[in-house]
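Below is one structure, written out as structure tokens; the observations come after it.
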Amino acid sequence: MGSSSSSSYMRNIPQAQVLIHETGFSAAHLLRLYERFQFLDKGSTGELRAQDFTAIPSLALNPIGDRIIGSFFPPGQEKLDFPSFVRIMAHFRPTDPNRSRDGTQLEPVNSRNKKLRFAFQLYDQNGDGNISRAELLQVLRAMLGVQVPEEQLQSIAERAIQEADLDKDNVISFDEFRKSLEKVNIDQLMSIRFLK
Amino acid sequence: MEDFWAFSLWAVRIWLYLVISLIMIPAMFGFSLGISETYMTILVKTLEWATLKIQRAKTEERTLNMSASNSLILRENGSMEKELEELRRSRPKSSVGGDFTFSDCFYFTRRGIESIVEDEVTQRFTSEELVSWNLLTRTNNHFQYISLKLTLVYCLGIFIRYCILTPLRLTLACIGLSWLVIGTTAVGFLPHSSAKSWLSEWVHVICYRICARGLSATIHYHNRENIPKKGGICVANHTSPIDIVILCNDACYAMVGQVHGGLMGLLQRAMVRSCPHVWFERAEMKDRHLVTKRLKDHVNDKTKLPILIFPEGTCVNNTSVMMFKKGSFEIGATIYPVAIKYDPKFGDAFWNSSKYSMVSYLLRMMTSWALVCNVWYLPAMHQQEGEDAVQFANRVKSAIAHQGGLVDLQWDGGLKRAKVKETFKEQQQKKYSSMVVGDDSNSD
């Protein structure tokens, strides 16, 4: 490319400085995300719609692709602007190892807790804070398609709930969800590593 | 007033004489006066100088680092199996409750977010990003004023391209196309004979050569001993309609395509008068058996020219080769693969049909620096025993991708416009279900 100057190009990006401060993305990464945002925004409207996401083939064939797309659009909202896009993508930044545990600081958006919350809301579609058996069955059906018969699906769901449900109320709360994944390396599994 | 008209008429005449003698006659007879070579050498030197200047300026100030490979994120290349296996290590296996963990969704979520940030398909339908700016306004993404000299060269470039080269190229293109129509129609009046086919080939090649000069095309042919022969099918990767001009400069092919109206239709009707091409009506294209039969008939007639087909079915941006449609590989003829690779420094040849119409695309081509491409003729391939059409198509595709230095993708070029098929999603679900419930052979 021709030579570029970060400050002049950043001017085009909405709320650039705020986003860099809030999400921890570097200026270079924010620029690349903005270019990708514009690329997906085929009509150059400045906002993305669900169909702009489904146009990505590898996302369309992802078994939970619809849910992932859904997490970008809060209920009732059909359009996604760039700052909201970045705030959600920020969940997938690798956790910063050197961040000081200062109680007064706001929890960073890519903390382990926040990543777990993101995964939790993929299951908990109605947002009531609990994963019910019905919701779990829905996810399993999405991920397994027609490959598995109904009874087997039920027994898989049954086992999963029994193992994780500690207070025996037949739903999985966020705390139970978190406890069941104590040993899992969330940072590695739910992070995207940007190249320098 | 009259003097003015007389003068301009005289100027136009001189211009035409120059064009004919310096460009058309050499093009027609296949020799070169060295004018385009000189132009190319100057152009290459200028672009190299510009690149150096830009790079020097880049290192002086702190800039955003753009990687030439275009890759934004680091992808874990672990497969679904490997990653989900790890999550299950600590759990006892149960034949009843399956093998599902809440963390399974992490794998799919991450993959999904990765594709949102960067995916290997959608980027193939836009122009390739250049490593270094080539002084064209259209590829200028992050230009910042560097030096007076560079800006002067850039402005000089604009003047040369738009005021000198474009009228020249337009003249040549018009002449080339009109000669094609007139020449082929004239040849069409002759009775069937070897003289007729020889003449028809000669007319075709001349006109395509003139058209190629009309785009300032510099083409390097490699391995010409593998040139497609009669009775075979030539397949090539598709970047733009200009591929036809590029290939027909060297040999004669029978074209396959839909009947169009307007100027294209005129060309098609004229061309078919002098030698047989295969043009389909729109309705006929839907009938696969009919298409296969007509192609077979053409191929079996050993006097007819080799058919030229682009199995990708759509234009791709010349960084990769997409899935080849199996239709042409079911006919049972000898396949002559050809790899075409354009050099993006001198002009972007990719036709982004959703962004540009044919006319604006051609104008863009004529206002680029030049068109430089390499054509490799690959050895003929036949369908082997026990190999079905799809496998054969993939084999040919890999050979072309390998030769041209392109990425070999399994994705369908039709994804440019259509959605991905449900069957692909089912493949993912099948893979995952074998991890959760296991294959039948595993359960007891």
Side-chain angles (χ1 to χ4, degrees), chain A residues 1-6 8-9 27-28 31-33 36 39-40 42 53-65 68-69 89 92 118-119 122-123 139-140 143-148 152 155-160 162 164 172 177 180-181 183-184 186 189-196, chain B residues 54 57-58 61-67 71-74 83 87 90 94 96-98 100-122 126 129-130 132-133 140-144 146 411 415 419-420 424-430 432-433 436-437:
Chain A
M1 301 288 159
S3 158
S4 54
S5 159
S6 38
S8 61
Y9 211 68
L31 183 58
R32 287 300 280 216
L33 281 174
R36 179 69 174 170
F39 176 80
L40 293 172
K42 293 281 182 240
F53 285 102
T54 49
I56 305 173
S58 33
L59 185 62
L61 62 72
N62 190 314
I64 49 171
I68 298 173
I69 296 172
M89 295 302 286
F92 293 89
F118 188 88
L122 286 175
Y123 288 101
V139 180
L140 286 171
M143 290 206 276
L144 294 166
V146 297
Q147 307 297 327
V148 171
Q152 214 169 4
S155 58
I156 295 173
E158 189 59 46
R159 182 187 178 196
Q162 272 182 0
I172 312 287
F177 183 74
S180 78
L181 297 171
K183 300 207 183 73
V184 178
I186 307 280
L189 295 172
M190 291 277 274
S191 293
I192 312 266
R193 271 158 191 77
F194 284 84
L195 291 174
K196 285 278 168 284
Chain B
I54 294 172
K58 242 184 165 179
E61 56 165 83
R62 193 187 82 87
T63 59
L64 298 168
N65 210 335
M66 310 284 174
S67 75
S71 197
L72 183 57
I73 51 183
L74 179 70
E83 193 159 318
L87 294 170
S90 50
S94 152
V96 174
F100 166 78
T101 65
F102 283 105
S103 45
D104 283 352
C105 80
F106 291 172
Y107 169 81
F108 291 110
T109 311
R110 198 185 73 246
R111 280 280 189 240
I113 300 283
E114 278 174 356
S115 356
I116 293 179
V117 175
E118 181 179 71
D119 82 300
E120 54 175 15
V121 179
T122 52
T126 56
E129 264 187 54
L130 290 173
S132 165
W133 189 43
N140 171 17
N141 272 340
H142 307 289
F143 179 62
Q144 191 212 7
I146 296 174
W411 295 93
L415 289 171
K419 292 225 177 279
V420 73
F424 286 101
K425 202 182 209 176
E426 277 172 24
Q427 274 177 8
Q428 293 276 303
Q429 289 167 334
K430 215 176 190 170
Y432 178 58
S433 71
V436 172
V437 282

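These values consider heavy atoms only, across backbone and side chains, with no hydrogens, waters or symmetry-generated copies. Below, chains carry the letters A, B, ... as their sequence lines are ordered, and counting in each starts from 1.
- Annotation for B/Ile116 and A/Leu40: closest pair O-CD1, 3.9 Å, computed over non-hydrogen atoms.
- With a 4.5 Å cut-off on non-hydrogen atoms, A/Ile64 touches chain B through its side chain but not through its backbone.
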Begin from the C-alpha positions of A/Ile192 and B/Ile113 and carry the test side-chain contact (heavy atoms from CB on, under 4.5 Å) through to its verdict.
CA-CA 8 Å; A/Ile192 312 266; B/Ile113 300 283; 3.8 Å; yes

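- Across all their heavy atoms, B/Lys430 and A/Gln147 have their closest contact at CG-OE1, 3.3 Å.
- Here the closest heavy-atom approach between residue B/Phe100 and residue A/Met143 is recorded as CE1-CE, 3.8 Å.
- Chosen from A/Ala164, A/Ala60, A/Pro57, the residue pairing most often with chain B at heavy-atom distances under 4.5 Å is A/Pro57.
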Could you walk me through whether B/Phe106 and A/Ile186 pass side-chain contact (heavy atoms from CB on, under 4.5 Å), step by step?
CA-CA 8 Å; B/Phe106 291 172; A/Ile186 307 280; 3.3 Å; yes

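- Looking only at heavy-atom pairs under 4.5 Å with chain B, the residue among A/Ser58, A/Ala55, A/Ser191 that has the most is A/Ser58.
- By the 4.5 Å heavy-atom criterion applied to side chains, B/Thr109 and A/Phe118 are counted as neighbours.
- If you tally non-hydrogen atom pairs under 4.5 Å between each of B/Gly112, B/Ser103, B/Ser115, B/Cys105 and chain A, the highest count goes to B/Ser115.
- Between the side chain of A/Arg36 and the backbone N or O of B/Val117, at least one donor-acceptor pair lies under 3.5 Å.
- Although no hydrogens or angles enter the test, the distance criterion places a donor-acceptor pair under 3.5 Å between the side chain of A/Tyr123 and the main chain of B/Phe102.
- The contact between B/Leu415 and chain A is made entirely by side chain atoms (from C-beta outward), counting heavy-atom distances below 4.5 Å.
- Nearest heavy atom pair, residue B/Val436 against residue A/Ile156, reads CG1-CD1, 3.7 Å.
- With a 4.5 Å cut-off on non-hydrogen atoms, A/Leu181 touches chain B through its side chain but not through its backbone.
- Residue contact with chain B, scored on non-hydrogen atoms closer than 4.5 Å, involves the side chain of A/Leu122 exclusively.
- In this structure, the portion of A/Leu140 lying under 4.5 Å from any heavy atom of chain B is its side chain and not its backbone.
- By the 4.5 Å heavy-atom criterion applied to side chains, A/Asn62 and B/Gln428 are not counted as neighbours.
- Between B/Thr122 and A/Phe39, some side-chain heavy-atom pair lies under the 4.5 Å cut-off.
- For A/Leu144, the parts lying under 4.5 angstrom from a heavy atom of chain B are both the backbone and the side chain.
- Atoms CD1 and CZ, from A/Ile68 and B/Phe108 in turn, are 9.5 Å apart once rounded to the nearest 0.5 Å.
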